[in-house]
Each structure stands twice: as structure tokens, then as C-alpha cells.
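Keep in mind it's a predicted model, so treat the numbers as computed, not measured.
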Amino acid sequence: MRRTFRRALAVAAGTLSIGLAATACSPSNPDSQAGGGSGGSADRITIGTTADVLNYNPLVGNSRTDTWVTNLMYPRLMSMGMDGVRSPYLASKWEYLDGGRKAKVTLRDDFTWSDGEKVTADDVAFTIDAVAKEKIGVVAGLISSYQKSTVISPTEIEFQLSQVDGTFLENVGFWMPVVPEHVFSKVGSVQKFANDKDWVSAGPYKLTTVERGQRYVLERMENFPLVEGGPKTKEVVFRVFPDVNTEALALRNGDVDLIANALPPPLAKTLEGDSKLKLVKVPSLGWAHMQYNTARKPLDRLEVRQALAAAVDYEAIRRVALQGKAVSSNSSVLTPTLKQWQDPSAKEYAHDPAKAKSLLTGAGFSDGNGDGLFDGLSLRMIYDQADPNISKWAQLVRDSSKEAGIEIKLEGLERNTYVEKYTARDYDIYAGSWAIMENPPANLALAFKCKGFINYANACDPELDALIDQARTQLDQAAQKAPIQQAAKIITDKVYDNVLYVEEFTIAHSAEWSNFLVQPSELLSIVNPVSVAQATKG
């Protein structure tokens, strides 16, 4: 569940040397025996990834590769524009009824499953009932107000809600893949269904071949209605590489057409001058941050959190660690990507070591032994050591904090250990990033309410809870904006989240391909259903 939000990067860190054209380092091309090459055919687009599919059940799988592959197979009710605003996909219209106690969705009538069955409101009703009943994935947490569905017609469905919830439609619309009732209703527990063969799809492509560690082949659905004339390319192949460096080599060699995962900034720099490639800038829907464990002393004290915020050199992090491929969010959880939510009065915490020292002295801290560090203020910060960006800025935070008299001990961890630690809230400072936080009223409830599922700061502020609840009970964004901006200001003022930057992802593809549709976030980027389906070569 958490990985749906967490940035799940597994890219390689360290010095990059792809410019040396070490072709021999690339893995073998499984498509070369079939003729035509993987990246050389207009009938096939080959996409690089660094991991196998872990779960073919779209309601359960939550790794990046899971999402990229299953997004091509299963439709959602809504898609998303560059500003996070929902747009039609399977649904053509949606609205709240009865003052927000009901919600209604109208579907297109031209989606068909790959076995010939029509996609109908019964599929939607079955899917949401299974998610709610079995509490499957992040969607279950986002639709807590859902009570039951009423299918009005094959293209109309109403949802009964337990309370007014202005986030329901956007949450269910974007986050819930729709699965075929006539297949998934026969499997017993939907959550336990592996869905690892005989796939029935209604996206632009259908999975047909799996060779673990090598490739995943999908064939086009001729009747996909969102691209005129159907998908332009017959076959999509995801090839698995050990790391992003070998992916980049394969792209330069013409063995792949596109790298799905975002490039680390140093690698992106090395590819900028290659005329055979195109680099696409993709805004993030999340942010990189540090959260201070307010359940632990002395981090329960506002002055300490404010001092920590003043000790960070934000501009240096964006310039050095991200090499300029990030922007400031003015220390706000309402990021520049979501312009419709932004508060123009938000200002970034100032890097001011002297202020940090003053705050700590005022709070009663002292440097008794004269070593330049405040006594009793040694803090442990955990981070995923496989994330090259965070590994770099963690050191910058440690060094700038020392200038302010604060000792931060870095604890870079293997991914699974890191997940265990932050899940258990076993840290003083947590360093990480959110992948997708696109709906502030819903997301702030998860991340900052007293009992929020991903409230890693252990924040518990009644005023903050009340503002978030006030926003969630409004049925339109205009009415939600004021309380959400007030909530965001509290989060900044109380330093419940120290937002460092919003990354600008770089996605690379062969210059021979064009007509991609860019969407925000690394999970959507140009590897989203309509984009892949309408892409053309030549």
C-alpha cells in the first residue's frame, strides 16, 4: 500500500559511464532471434524496466513495473492531466447527488474485454465491492465512505456514501483499475487471485507472454476506443535490465525504444547531447522530504523542529544533489505541480544556522563541552541507501546541520530494512519521498491526521484534523481550497513535514518515436495507456 505512494526507485548510484559505449555490458536481446530487433520495428515498441512484474492482479500489484504493465491491460474510470485534474477514461461523466450522500458515474459504451464481453457498470460495481469488502490496497483506504453500489443501466452506476465525501469520485476514479466481473468473480478471494495467465483485458494491450528476468510481451487490442483507429503499434515489449545504466546502453544501441523509469540526474546530463535520443521532462506529483518523529523527545518540541528546518540548505540540495532537476515547493505540501491548490503566500524555510542556534539556545540547549554541538541533540536519520538522490542530500543535511550545532547520524539502509523501520516509526528523522500526492484533501488526511495511515511524523493536531475534515466534506475544489491551504500552512508552521523539493523527472526515448502523451509522475510519465497506444515511429 505504501509503495503506491512511495517513490520506489531502485536505480543505481555512483559514477555513470554510459558514454563509453560499453556494448558488451548490455544483456542479451531476447528479441534478436525473432528478427527485426526489439527497437527497430514500427510494429513493436520495446520499453526498458529494471524489475520483473511481482503481481499481475491490478488491484494488488503496486510496484512500478506492475503498474506500467497492468495499466495497459485494465481501464480506470478517470485519467489525469498535467495539473492533476481528472479527465475521462472509461467514465465519460461523474457527479455528486443528494448533497454528496450519493455519487454517480456514467460510462462509455464502447469498451470491450478481450474475450468479447462488454465492459459495463456491473464490472465497476463488482470491483469496488471486492476492494471494499477485502480491503484491498490503497484504494480501500481512499474510499472509506463507500457503502454500496446500485447499477442503473449498463453504463450508469450510483454509489451510496456513509457521509459527504468530496474526495470519493476522484479517488475511485483514478486509483481503482476496473477488472472483469465474469473472470474475477470466479476466483474466490480477489485479493489472493494471482491472475498470472489467460489474461482478459480492456486496455490498449493484452499480456500474452512472460519470460521472467527477460521480457513481457503485450499484444494490441484492436478495439481500444481512446485512440482513433486503435493502438498504432502491434506489440509492446517490456525488457528487464539489471540497472538503469545498462538500460541506457541498450537505448543508445537501439535495443530499446524507451526507458520507463526516470533517469538519475547525472545520467540524464550525459544523454542530453545525443541526437538519437529525446529527453522528456515530467513533473512529479509528490515531493522529497524529511519528517521529524514528533512522538520522540526532543522532536516533540516545535523549537527543535524549527531549528532543524533552519539548518537545511535547500538551494544547495537542489543544485548539487539534484543537479538543478528540481524546484522549490516553498516548504509547502501544496506543490507547484498542483497549481490550482497552491498558496502564493507560502515561503520556504530560510537556511539560517544562526537562527537555528538561537532557537535551540532559547529552548534551553547548550554546548557544555565546547565541541560546537548542542548537548543532548544527536539525532538518527534513516534513508534508502539505493536512492541516489536521497543518499546525496542526506550528507548535505548532515553537514549543514553540524554548522548549526546539531548532530545528525546517517543510517542508510537496504530497502526492505528501511521499509520496516519507517513502518514501525523507528527513527528520529525519516528521509524519503512521496510518488503521488495528487488530491490534497484525501492525501493530507492519510499523511497528517492523528490516525492517518501514512502519518510518519506522528503528528496529532486537532486544528489540522478539523481543517482537513472540513475540506473533505466540500464537493468541489473551489470550496476545498481555503481549508486545505490553512491546513498546509499549519503543516509548514509546525514543521510536521519539511518539504525539500519537487523533482522534475527525465524520461528518455529514441528520437525515432513521437506522439507520446506526457502525464505527471514517474508512474505515468509517457508510459501510460493512451501515450503508448498513440505513439508512432518514423
Side-chain angles (χ1 to χ4, degrees), residues 8-12 18 22-58 61-74 114 194-201 203-221 224 231-263 277 507-510 512-513 516 522-523 525-529 531-533 535-537:
L9 280 180
V11 293
I18 64 165
T23 307
C25 295
S26 293
S28 62
N29 180 355
D31 296 317
S32 60
Q33 302 301 315
S38 60
S41 169
D43 289 335
R44 175 191 298 157
I45 183 168
T46 302
I47 302 173
T49 183
T50 56
D52 277 296
V53 173
L54 299 176
N55 200 314
Y56 301 94
N57 184 335
N62 59 9
S63 79
R64 288 180 306 163
T65 304
D66 292 358
T67 302
W68 288 324
V69 171
T70 59
N71 267 356
L72 298 183
M73 301 165 63
Y74 299 95
S114 54
N195 191 37
D196 54 359
K197 61 181 180 180
D198 302 328
W199 295 279
V200 175
S201 307
Y205 290 91
K206 173 189 173 184
L207 185 61
T208 58
T209 304
V210 171
E211 297 172 11
R212 290 193 63 78
Q214 291 290 323
R215 65 177 190 163
Y216 297 79
V217 181
L218 299 99
E219 295 180 357
R220 76 177 163 197
M221 298 272 290
F224 182 67
K232 305 305 180 188
T233 305
K234 289 182 179 178
E235 192 174 82
V236 175
V237 177
F238 282 87
R239 278 190 60 195
V240 183
F241 291 85
D243 55 58
V244 70
N245 292 323
T246 47
E247 280 183 308
L249 281 171
L251 180 64
R252 278 189 155 172
N253 292 338
D255 288 335
V256 300
D257 301 299
L258 163 65
I259 296 176
N261 39 288
L263 302 175
L277 307 180
I507 303 294
H509 68 84
S510 164
E512 294 182 332
W513 285 85
F516 290 107
E522 187 186 23
L523 284 175
S525 66
I526 59 174
V527 188
N528 60 76
S531 176
V532 174
T536 53
K537 185 176 183 179

State which residues pass ring-ring contact (aromatic ring centres under 6.0 Å, His included) with F224; sequence neighbours excluded, sorted by chain then number. F111
Apply ring-ring contact (aromatic ring centres under 6.0 Å, His included) to F238 and W68, showing your working. CA-CA 9 Å; F238 282 87; W68 288 324; 7.1 Å; no
Please determine whether salt bridge (Lys or Arg N to Asp or Glu O under 4.0 Å) holds for the pair E522 and R64, giving the CA-CA distance in whole Å, both sets of side-chain angles, and the decisive distance to 0.1 Å. CA-CA 9 Å; E522 187 186 23; R64 288 180 306 163; 2.9 Å; yes
Can you tell me how far apart CG (L54) and CZ (R212) are? Round to the nearest 0.5 Å. 7.0 Å
Could you tell me whether the side chain of E247 reaches within less than 4.5 Å of the side chain of V256, counting heavy atoms only? no
Identify whether the distance between the nearest side-chain nitrogen and carboxylate oxygen of K206 and E219 falls below 4.0 Å. no
Is there side-chain contact between V210 and V53, with heavy atoms separated by less than 4.5 Å? no
Answer yes or no: is there a side-chain heavy-atom contact under 4.5 Å between I47 and R239? no
Tell me every residue that passes side-chain hydrogen bond (donor to acceptor under 3.5 Å, both in side chains) with D66, counting only those two or more places apart in sequence or in another chain. S63
Please give me the minimum heavy-atom distance between F516 and A535, naming the atom from each residue. CE2-CB, 3.5 Å
Close side-chain approach of I507 to L258, heavy-atom, < 4.5 Å: yes
What's the separation between atom CD in E235 and atom OG1 in T46, rounded to the nearest 0.5 Å? 8.0 Å
Have N195 and Y74 got a donor and an acceptor in their side chains that come within less than 3.5 Å? yes
Rounded to the nearest 0.5 Å, what's the gap from CZ on R44 to NZ on K537? Could you check? 10.0 Å
Taking atom types as modelled and ignoring hydrogens, do the side chains of T49 and T65 form a donor-acceptor contact shorter than 3.5 angstrom? yes
Measure the shortest side-chain to side-chain distance between M221 and S114 over non-hydrogen atoms and say whether it is less than 4.5 angstrom. yes
Who passes side-chain hydrogen bond (donor to acceptor under 3.5 Å, both in side chains) against N57, sequence neighbours left out? none
Main chain of T246, side chain of D243: is a donor-acceptor contact present, judged purely on distance under 3.5 Å? yes
T208 side-chain N/O to V217 backbone N/O, donor-acceptor pair under 3.5 Å: yes
For the atom pair OG1 (T233) and CG (L218), what is the distance rounded to the nearest 0.5 Å? 12.5 Å
Determine whether Y216 and L207 satisfy the following criterion, side-chain contact (heavy atoms from CB on, under 4.5 Å), listing intermediate values before the conclusion. CA-CA 7 Å; Y216 297 79; L207 185 61; 4.1 Å; yes
Take T50 and V240 through the test side-chain contact (heavy atoms from CB on, under 4.5 Å) and record every step on the way to the result. CA-CA 5 Å; T50 56; V240 183; over 6 Å; no
Can you check whether F241 reaches I259 side chain to side chain, under 4.5 Å on heavy atoms? no
Under a 3.5 Å distance rule, please check whether S201 uses its side chain to pair with a backbone N or O of G203 as donor and acceptor. no
Considering all heavy atoms, the nearest P529-P204 contact: O-CG, 3.7 Å
So L251 and L277, do their side chains get closer than 4.5 Å, heavy atoms only? yes
Is the shortest side-chain heavy-atom distance between P231 and Y205 below 4.5 Å? yes
If you round to the nearest 0.5 Å, how far is CD1 of I45 from OG1 of T536? 9.5 Å
